[in-house]
*Asks:* 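For reference, the structure I am asking about is given below.
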Amino acid sequence: VQLQASGGGLAQAGGSLRLSCASSGRPSSRFTMAWFRQAPGKEREFVAANRGSGGGYSTHYTDSVKGRFTISRDNSKNTVFLQMNSLEPEDTAVYYCAADQRIILSEIRRASAYDYWGQGTQVTVSS
């Protein structure tokens, strides 16, 4: 599975950005798709996940983005999206998409549980 993330850029606080992650190599509907981010000097942290068909496509978010970010997927295009609204300077980071077919619910927030990663896209939010 190859993942290609795009859509990062510069936004002002309160603005919006939409990230995309296109997957190729295998049908993605069964995969859990997730977004992580890593700010300079910090560990990679979980942002959001959309579980595959086996998990009912349920969505999960870290508390700091609930109500502001939305993860969605288009299986016909093998693409997962992260709509980011009401951006804050604290959202500045490199955002990575990740995928895994066998991940269980208790593991979705753990980066090491994912087998496949995209290359990352920079999001910078100015105050």
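Note that the coordinates shown come from a computational prediction; the quantities given were computed from them, not determined experimentally. Side chains included, hydrogens not; waters and symmetry mates left out as well; all remaining heavy atoms used.
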*Asks:* May I ask you to check if R73 and Y57 form a cation-pi contact, with NZ or CZ under 6.0 angstrom from the six-membered ring centre and within 45° of the axis?
*Replies:*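 The answer is no; the distance or angle limit is not met.
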*Asks:* If we ignore hydrogens and angles and just use 3.5 Å, is the side chain of T92 paired with the main-chain N or O of V125 as donor and acceptor?
*Replies:*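 Yes, the answer is positive, given that a donor and an acceptor are paired below the 3.5 Å cut-off.
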*Asks:* Taking atom CZ as the centre, does R110 end up with more than 12 heavy-atom neighbours from other residues, nucleotides or ligands that are less than 6.0 angstrom away?
*Replies:*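 Yes, CZ of R110 has more than 12 neighbouring heavy atoms, counting only those of other groups under 6.0 Å.
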*Asks:* Please examine the side chains of D115 and R102, heavy atoms only from C-beta on, and report whether any two atoms are closer than 4.5 Å.
*Replies:*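 With C-beta onward as the side chain, the pair touches.
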*Asks:* Checking R109 side chain against L105 main chain: does a donor-acceptor pair fall under 3.5 Å?
*Replies:*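 Side chain of R109 to backbone of L105: no pair is present.
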*Asks:* Given side chains that start at C-beta, do those of F31 and V1 come closer than 4.5 Å, heavy atoms only?
*Replies:*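 The answer is yes; the side chains approach within 4.5 Å.
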*Asks:* Give me the atom names and distance for the closest heavy-atom approach of L82 to A48.
*Replies:*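 Reported closest heavy-atom pair: CD1-CB, 4.1 Å.
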*Asks:* Just by modelled atom types, is the N78 backbone N or O under 3.5 Å from a matching donor or acceptor in the N75 side chain?
*Replies:*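 No: the side chain of N75 does not pair with the backbone of N78.
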*Asks:* Does a sphere of radius 6.0 Å around CD in Q12 hold more than 12 heavy atoms from other residues, nucleotides or ligands, not counting ones at 6.0 Å or beyond?
*Replies:*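 Atom CD in Q12 is not crowded, with 12 or fewer foreign heavy atoms closer than 6.0 Å.
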*Asks:* Y114 and F36: aromatic ring centres closer than 6.0 Å?
*Replies:*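 Centroid distance Y114-F36: below 6.0 Å, so yes.
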*Asks:* Using side chain to side chain donor-acceptor pair (under 3.5 Å), reason through N85 and S16 one step at a time and then give a plain yes or no.
*Replies:* CA-CA 4 Å; N85 299 328; S16 299; 2.9 Å; yes
*Asks:* Run the side chain to side chain contact (heavy atoms under 4.5 Å, CB included) test on C97 and L3 for me, step by step, so that the C-alpha distance in whole Å, both residues' side-chain angles and the decisive distance to 0.1 Å come before the verdict.
*Replies:* CA-CA 7 Å; C97 60; L3 303 177; 3.8 Å; yes
*Asks:* Is it true that L87 and V65 fall in one hydrophobic cluster, defined by side-chain heavy atoms closer than 4.5 Å?
*Replies:*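 Yes; tracing contacts between hydrophobic side chains, which count when under 4.5 Å, links both residues.
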*Asks:* Less than 4.5 Å apart, any side-chain heavy atom of L19 and any of V80?
*Replies:*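 A side-chain contact under 4.5 Å is absent here.
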*Asks:* For W35 and S20, work out which heavy atoms get closest and say how close.
*Replies:*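 Smallest heavy-atom distance, with atoms named: CH2-O, 3.6 Å.
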*Asks:* Please report the closest heavy-atom contact between S86 and D91, naming both atoms and the distance.
*Replies:*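 That closest heavy-atom pairing would be O-OD2, 4.4 Å.
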*Asks:* Please find the pair of heavy atoms, one from M33 and one from A99, that lie closest to each other, and give the distance.
*Replies:*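 Distance-wise, the nearest heavy atoms are SD-CB, 3.5 Å.
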*Asks:* Can you give me the closest heavy-atom contact between A5 and Q119, atom names plus distance?
*Replies:*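 So the minimum-distance heavy-atom pair works out to O-NE2, 2.8 Å.
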*Asks:* Heavy-atom distance under 4.5 Å between the side chains of I71 and Y61, does that happen here?
*Replies:*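 Result yes, sub-4.5 Å side-chain heavy-atom pair found.
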*Asks:* Indicate the atoms forming the closest heavy-atom contact of L17 with G7, along with that distance.
*Replies:*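 Answer, listing the atom of L17 first, then G7: CD2-O, 4.2 Å.
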*Asks:* Checking V94 now: which residues fulfil side-chain contact (heavy atoms from CB on, under 4.5 Å) with it, not counting sequence neighbours?
*Replies:*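 Checked V94 against side-chain contact (heavy atoms from CB on, under 4.5 Å); matches are Y96, Q122.
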*Asks:* With the side chain counted from C-beta on, respond yes when E45 and R37 share a heavy-atom pair under 4.5 Å apart, and no when they do not.
*Replies:*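 Yes; the side chains approach each other to less than 4.5 Å.
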*Asks:* Checking T62 against F69 for the side chain to side chain contact (heavy atoms under 4.5 Å, CB included) test, could you report, in this order, the C-alpha distance in whole Å, the side-chain angles of both residues, the deciding distance, and whether it holds?
*Replies:* CA-CA 10 Å; T62 192; F69 290 10; over 6 Å; no
*Asks:* Rounded to the nearest 0.5 Å, how far does CD of Q2 lie from OH of Y116?
*Replies:*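 The CD atom of Q2 is 9.0 Å from OH of Y116, to the nearest 0.5 Å.
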*Asks:* Quick check against the 3.5 Å criterion: does T79 have a side-chain atom that pairs as donor or acceptor with the backbone of K77?
*Replies:*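 Side chain of T79 to backbone of K77: a pair is present.
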